[in-house]
2 protein chains.
Amino acid sequence: MASDTVRDRILAAGQRITPQRDLVAGVLEQAGRPLSAAELYEAVGRSGRGVGRATVFRTLQSLEDAGIVQHVVLPGNQAAYLLCQVAGHHHHLVCRQCGAADDLAEDEVAPFLAALEGGHRFQVDHANFAVYGTCARCTGDRASTTS
Amino acid sequence: MASDTVRDRILAAGQRITPQRDLVAGVLEQAGRPLSAAELYEAVGRSGRGVGRATVFRTLQSLEDAGIVQHVVLPGNQAAYLLCQVAGHHHHLVCRQCGAADDLAEDEVAPFLAALEGGHRFQVDHANFAVYGTCARCTGDRASTTS
DNA sequence: GCCCGTAGTGATACTTAGTATCACTTAAGG
DNA sequence: CCTTAAGTGATACTAAGTATCACTACGGGC
Ligand SMILES: [Mn+2]
Ligand SMILES: [Mn+2]
Ligand SMILES: [Zn+2]
Ligand SMILES: [Zn+2]
């Protein structure tokens with residue numbers, strides 16, 4: 001089941017607690033990595049009662065509106081949804097090996113955007129980064145990975 | 001019709017020159033802003049002979065493989081394809097007002113990625129930025145001049 | 001605890017972006 | 001020219017996500 005903080009944040013966003021939202025958030029929490037909507041639908045179906053397909057999408061949308069979930073577009077244009085501890089707009093470093101998504105702090109990004117604004121006389125109002133690579137843990141494993 | 005440099009780059013990528021590729025590239029060149037596949041299909045249909053829908057997608061894929069076209073995912077998750085003068089992987093500042101897409105130089109991005117790698121012990125192998133805002137011309141900043 | 005308005009749900013039908021297939025055409029190199 | 005592999009178009013298909021609408025249930029007020 002989803003942790004209490006998730007429920008608090010759902011309420012804080014003016015949304016209702018429902019078993020469906022609990023289930024979806026719970027599966028995401030359990031997985032600890034970005035999941036596609038289809039994977040989520042299937043996983044939720046397996047773990048106990050099911051959730052309608054439309055509701056999975058609506059729930060993801062709601063949770064994303066509430067800042068609890070964010071989605072990244074993986075190389076290959078696949079959308080993957082992930083549970084975010086930190087609220088508000090932020091970005092991720094996504095490991096292609098294990099799928100872990102590390103949060104990027106705003107103050108790591110802001111100076112970069114500021115530099116862009118200066119260099120191009122462009123006023124940034126929204127940015128979305130997808131940064132892919134290998135996390136520290138998976139880098140250590142590299143010697144033993146299958147080729 | 002697409003400019004000669006586009007044709008050269010198609011050839012350089014080991015692909016054939018076809019009227020369809022000329023048309024698609026030509027429409028993109030003409031538009032000077034990112035277009036969705038649907039817009040392209042329609043525009044190509046209007047301007048002279050048509051191009052099959054499947055071929056529009058295939059052509060965009062080919063041109064993207066050749067580094068001639070790139071697509072950005074606009075807020076709202078709409079893919080838009082744009083003609084790129086500079087070859088190789090790069091990023092864009094997209095104006096939401098007029099659609100203009102300014103190229104981002106690699107040396108503007110590299111230091112940022114390097115900083116991320118250091119701060120997170122993460123090995124970046126691919127990044128995709130979508131930066132949206134308002135370009136100099138659209139800010140109404142008519143006094144601005146290139147410097 | 002019960003009531004009730006409204007947010008949320010599920011089945012289903014639909015849309016839209018993009019892909020697979022396959023017979024046919026055409027670019028381009030010798 | 002001839003040849004052949006790359007490319008095309010019609011069509012059928014998949015996969016992601018949305019619209020509809022009757023029904024359900026969350027939760028604030030009492
Ligand atoms: Mn996050
Ligand atoms: Mn470009
Ligand atoms: Zn990893
Ligand atoms: Zn502009």
Side-chain angles (χ1 to χ4, degrees), chain A residues 1-2 4 6-25 34-45 48-66 68-82, chain B residues 1-2 4 6-27 34-45 48-66 68-82:
Chain A
M1 181 206 256
D4 260 347
V6 168
R7 304 172 65 130
D8 292 343
R9 291 166 70 193
I10 290 174
L11 289 174
Q15 300 177 354
R16 293 184 182 175
I17 303 290
T18 68
Q20 291 84 350
R21 284 172 189 172
D22 256 0
L23 281 167
V24 169
L35 297 179
S36 70
E39 284 175 312
L40 261 160
Y41 175 55
E42 222 226 309
V44 165
R49 101 189 251 182
V51 174
R53 217 180 70 90
T55 299
V56 169
F57 283 103
R58 274 186 301 227
T59 299
L60 288 171
Q61 188 60 61
S62 300
L63 294 177
E64 196 153 7
D65 290 346
I68 296 164
V69 157
Q70 218 171 302
H71 79 271
V72 295
V73 179
L74 302 177
N77 296 325
Q78 241 230 336
Y81 300 81
L82 74 114
Chain B
M1 180 206 258
D4 260 348
V6 169
R7 304 173 66 131
D8 292 344
R9 291 165 70 192
I10 290 174
L11 289 174
Q15 301 177 354
R16 294 183 181 176
I17 303 290
T18 69
Q20 291 85 351
R21 285 171 189 173
D22 256 0
L23 280 167
V24 169
V27 167
L35 297 178
S36 70
E39 284 176 312
L40 261 161
Y41 175 55
E42 222 225 310
V44 165
R49 103 188 249 181
V51 174
R53 217 180 68 89
T55 299
V56 169
F57 282 103
R58 274 186 302 227
T59 298
L60 288 171
Q61 187 61 61
S62 299
L63 294 177
E64 197 154 8
D65 289 346
I68 296 165
V69 157
Q70 217 170 303
H71 78 271
V72 294
V73 179
L74 301 177
N77 295 325
Q78 242 230 335
Y81 300 81
L82 74 114

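Residue numbering restarts at 1 for every chain, and letters A, B, ... go by the order of the sequence lines.
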May I ask you to say what [X] touches in the nucleic acid, namely base, sugar-phosphate or nothing, with a heavy-atom cut-off under 4.0 Å?
X: A:Thr55; answer: base
X: A:Arg21; answer: sugar-phosphate
X: A:Gln15; answer: sugar-phosphate

Options [options], nucleotide nearest the side-chain atoms of [X]:
X: B:Phe57; options: C:dT19, C:dT9, D:dT18; result: C:dT19
X: A:Pro19; options: D:dG9, D:dA16, D:dC26; result: D:dC26
X: A:Arg16; options: C:dA7, D:dG17, D:dG9; result: C:dA7

Judged by nearest nucleotide, the residue sitting upstream toward the 5' end of DNA chain C, B:Gln78 or B:Leu11, is B:Gln78
Whole angstrom is fine here: how far is it from CD1 in B:Ile10 over to P in D:dA6? 16 Å
Does a nitrogen or oxygen in the side chain of [X] sit under 4.0 Å from OP1 or OP2 of [N]?
X: B:Gln20; N: C:dT26; answer: no
X: A:Thr18; N: C:dA7; answer: no
X: B:Tyr81; N: C:dG18; answer: yes

Take B:Arg53 and A:Ala54, find for each the nucleotide of DNA chain D with the closest heavy atom, and name the residue whose nucleotide sits nearer the 5' end. B:Arg53
